[in-house]
Amino acid sequence: MNVIRKFYYGDIPEDKTGGTIVSKETKTDWPLWEVFIRSKQGLDHKHAGSLHAADAQMAIENARDVYTRRMEGVSIWVVESKYIHASNPEEAGELYEPAVDKIYRHPTFYNLPDEVNHM
Amino acid sequence: MNKMKSNSLIDFSLHLADNALILGQRNAEWCGHGPVLEQDIAITNISLDLIGQARSLYQYAAQLKADGSTEDSLAYLRTEREFRNCLLVEQPNGDWAQTMLRQFLFSSYQYYLYQYLQNNKEETLAAIAEKSLKEVSYHLRWSSEWIIRLGDGTEESHSRILKALEELWRYTGELFIAAPYENDLGIAISSLKHDWSKKVNTVFEEATLKAPENVFMHTGGKTGTHTEHLGFILTELQYIQRVYPGCEW
């Protein structure tokens with residue numbers, strides 16, 4: 001439960017007491033959604049940010065209003081944030097470091113024919 | 001075009017422009033006060049769409065008047081009795097349910113009206129209608145979903161939308177009664193009522209709502225007789241231009 005101390009016009013006191021205590025049930029808040037936008041030139045959807053919405057339809061419309069106002073996109077995906085599973089930063093060592101000394105996995109050791117320009 | 005017809009076209013363009021400007025101004029009152037950030041942006045986005053439509057229509061009317069009027073003078077320097085917007089758009093925001101219902105009732109009307117005007121022989125008017133229709137389609141879709149969400153939502157949201165319906169339904173009759181300028185131009189405004197009612201009833205059904213019957217319908221806005229609210233809107237809207245004439249920034 002979040003507790004917010006709310007002050008009205010001009011009654012913000014120096015000692016920060018007073019005001020009306022407004023409690024807010026977090027369970028009635030709208031869930032958080034992650035937004036992915038594909039731009040006109042882009043092939044893939046890129047994470048654009050997150051927002052609150054009551055349902056998927058509202059999430060898409062909110063995303064349209066919040067993230068595509070300046071013609072950023074032609075396609076929107078939304079997914080409720082709770083369905084995103086993330087890797088644990090504390091496990092970064094065991095997850096990523098083993099790749100560090102395996103430079104042979106990069107294609108930098110090949111001799112390319114001259115005709116191949118853009119690699 | 002004869003003189004009478006040209007005056008009617010000016011009046012009709014102003015009527016369309018005033019509808020868009022006043023609803024845009026009303027919706028803009030939510031700016032910074034929306035129930036959540038995302039909806040605050042959504043409603044002010046609609047506001048900007050409407051003000052954009054109003055600008056195109058005022059520019060068109062100013063061009064027809066050809067008396068030195070500009071889009072600004074038409075928006076900022078006409079008095080309450082000269083405004084021809086329908087009564088529905090000047091009604092107060094009330095709570096979110098009332099704002100959503102006002103938007104839905106108006107967007108559904110504007111949707112069929114612009115669809116109809118796309119084929120008008122006045123090319124500029126037809127072009128403005130065609131361009132605005134995409135925006136209005138979105139407003140209609142967005143507000144329909146809110147009506148369903150609120151009507152078929154919680155006990156409180158349902159009771160709020162019922163209250164809004166009681167407040168606003170009485171201003172919907174006027175939309176389909178032709179003003180003299182609409183008659184002159186042969187705009188068959190009453191013919192739109194069938195499609196509009198069908199759309200409204202479909203959404204209401206999904207929202208577990210029912211359109212009120214036998215309600216006294218208020219009229220007058222389209223010919224300049226407004227409810228008490230318009231004066232207050234214009235006072236705020238026109239303040240800067242009245243106090244500092246010609247002010248720009």
Side-chain angles (χ1 to χ4, degrees), chain A residues 1-4 6-12 19-20 22-38 40 45 47-84, chain B residues 24 27-28 30-53 95-97 99-101 103-104 107 111 131 134-158 160-161 202-203 206-208:
Chain A
M1 184 129 102
N2 294 335
V3 175
I4 298 165
K6 205 168 180 178
F7 299 98
Y8 294 98
Y9 307 106
D11 75 344
I12 300 175
T20 317
V22 180
S23 57
K24 198 169 149 213
E25 293 274 20
T26 39
K27 71 178 166 60
T28 62
D29 282 350
W30 290 343
L32 194 65
W33 299 73
E34 300 300 323
V35 178
F36 300 84
I37 307 271
R38 182 163 73 78
K40 214 169 222 158
H45 287 70
H47 187 228
S50 55
L51 47 74
H52 290 93
D55 49 53
Q57 193 57 39
M58 193 201 279
I60 288 177
E61 286 171 10
N62 286 348
R64 178 254 192 199
D65 286 328
V66 177
Y67 294 112
T68 67
R69 285 151 40 95
R70 299 175 189 88
M71 300 183 294
E72 292 94 336
V74 292
S75 170
I76 297 172
W77 286 353
V78 293
V79 60
E80 251 192 274
S81 306
K82 68 179 180 193
Y83 293 120
I84 300 225
Chain B
N27 284 342
W30 275 107
C31 188
H33 302 275
V36 293
L37 175 75
E38 291 84 354
Q39 298 304 334
D40 192 300
I41 295 174
I43 191 77
T44 43
N45 240 349
I46 291 180
S47 190
L48 286 174
D49 286 346
L50 289 168
I51 293 169
Q53 291 171 21
D95 56 11
W96 187 251
T99 298
M100 289 307 100
L101 184 65
Q103 192 64 48
F104 170 66
S107 290
Y111 177 78
K131 178 171 177 283
K134 275 190 193 143
E135 295 170 348
V136 174
S137 304
Y138 183 76
H139 304 167
L140 177 57
R141 170 186 145 163
W142 182 84
S143 57
S144 300
E145 278 161 17
W146 266 109
I147 298 306
I148 295 164
R149 207 174 273 133
L150 293 168
D152 193 21
T154 64
E155 207 174 300
E156 182 177 355
S157 71
H158 186 81
R160 282 180 184 238
I161 201 89
T202 308
V203 172
E206 214 176 321
T208 68

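Residue numbering restarts at 1 for every chain, and letters A, B, ... go by the order of the sequence lines.
For CD of B:Glu206, the number of neighbouring non-hydrogen atoms (other residues, nucleotides, ligands) closer than 6.0 Å is 12 at most. Residue A:Arg64 qualifies as enclosed at atom CZ: its count of foreign heavy atoms under 6.0 Å is above 12.
Atom CD of A:Gln57 is separated from atom CD1 of B:Ile148 by 10.0 Å, given to the nearest 0.5 angstrom.
Under the 4.5 Å side-chain criterion, counting only non-hydrogen atoms from C-beta, A:Leu51 is in contact with B:Glu38. Contact of the A:Asp55 side chain with the B:Glu145 side chain is not registered, since no non-hydrogen atoms from C-beta on lie closer than 4.5 Å. For the pair A:Trp30/B:Gln39, a side-chain contact is recorded, criterion being any heavy-atom separation below 4.5 Å from C-beta on.
Scanning both residues, A:Asp65 and B:Ile41, for their nearest heavy atoms gives O-CG2, 3.6 Å.
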